[in-house]
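Here's the structure, in structure tokens; my notes come after.
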Amino acid sequence: YKLVSPPFSMNDLAEAFSTALDKKVSVTTVPYDAAREAFLGFDFQEWQVDGILELFKYIDEDSPITNEANTGDIATITGEKATTVQEWTEQNAAGFK
């Protein structure tokens, strides 16, 4: 089974947070080298940083590994549709205020 949410972009996520929090949230793209240095500066292990950046690159490249379009398995298993990013941000907005 593939248990994934419906696909969304970082701009979709920012818009969903903007709506849920009633304030403007925008996306900032950070170069990989700067992200690496930031993670290392927060005492992440190098192997962890390598894995995180690998995942970010897959996302940025629209890889099918991280951008699964088939969300039907959740409904098959649970009988309910997968939660959208908009629904998730509304349900969890209080934790970000």
Side-chain angles (χ1 to χ4, degrees):
Y1 293 104
K2 295 181 180 180
L3 306 179
V4 297
S5 69
F8 61 91
S9 69
M10 291 296 104
N11 288 328
D12 296 334
L13 180 60
E15 186 171 324
F17 270 113
S18 293
T19 299
L21 300 175
D22 197 31
K23 69 179 187 177
K24 180 69 176 158
V25 175
S26 59
V27 175
T28 300
T29 302
V30 177
Y32 294 119
D33 289 340
R36 169 180 280 288
E37 292 307 313
F39 280 120
L40 292 172
F42 285 116
D43 293 327
F44 280 70
Q45 297 296 310
E46 190 167 346
W47 66 267
Q48 292 172 309
V49 175
D50 291 342
I52 292 167
L53 293 179
E54 180 180 15
L55 179 59
F56 286 170
K57 288 176 184 177
Y58 283 137
I59 293 167
D60 289 344
E61 295 167 356
D62 288 328
S63 169
I65 294 171
T66 58
N67 295 289
E68 177 62 47
N70 177 11
T71 61
D73 287 346
I74 289 177
T76 299
I77 294 169
T78 68
E80 298 180 18
K81 66 179 183 62
T83 303
T84 67
V85 69
Q86 292 82 5
E87 293 166 337
W88 188 90
T89 53
E90 286 293 329
Q91 293 167 1
N92 294 281
F96 294 95
K97 292 184 178 181

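Below, each value reflects all heavy atoms present in this structure, side chains not excepted, and no hydrogens, waters or symmetry copies.
Side-chain contact check for Asp73 and Thr76: no donor-acceptor pair (N or O, by modelled atom type) lies under 3.5 Å.
Side-chain contact between Glu15 and Val85: absent, with no pair of heavy atoms (C-beta onward) separated by less than 4.5 Å. With a 4.5 Å cut-off on side-chain heavy atoms, Leu3 and Ile77 count as touching. Looking at heavy atoms from C-beta onward, Ser5 lies out of side-chain contact with Thr83 at the 4.5 angstrom threshold. Side-chain contact between Leu55 and Thr66: present, with at least one pair of heavy atoms (C-beta onward) separated by less than 4.5 Å.
Partners of Phe44 by ring-ring contact (aromatic ring centres under 6.0 Å, His included), not counting sequence neighbours, listed by chain and number: Phe39. By the salt bridge (charged side-chain N to carboxylate O under 4.0 Å, His left out) test, Glu54 is found to be paired with no residue, residues two or more places apart in sequence or in another chain being considered. Remark: Ile65 engages Tyr58, Ser63 in a side-chain contact (heavy atoms from CB on, under 4.5 Å) (not counting sequence neighbours). Remark: Asp50 pairs with Arg36 by the salt bridge (charged side-chain N to carboxylate O under 4.0 Å, His left out) rule, at least two apart or across chains. Partners of Lys24 under the side-chain hydrogen bond (donor to acceptor under 3.5 Å, both in side chains) rule, at least two apart in sequence or in another chain, do not exist in this structure. With sequence neighbours left out, Lys57 forms a salt bridge (charged side-chain N to carboxylate O under 4.0 Å, His left out) with no residue at all.
If you chain together hydrophobic residues whose side chains sit under 4.5 Å apart, Val4 and Ile59 never meet in one group.
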Run the side-chain contact (heavy atoms from CB on, under 4.5 Å) check on Val30 and Phe56 step by step: do they pass?
CA-CA 11 Å; Val30 177; Phe56 286 170; over 6 Å; no
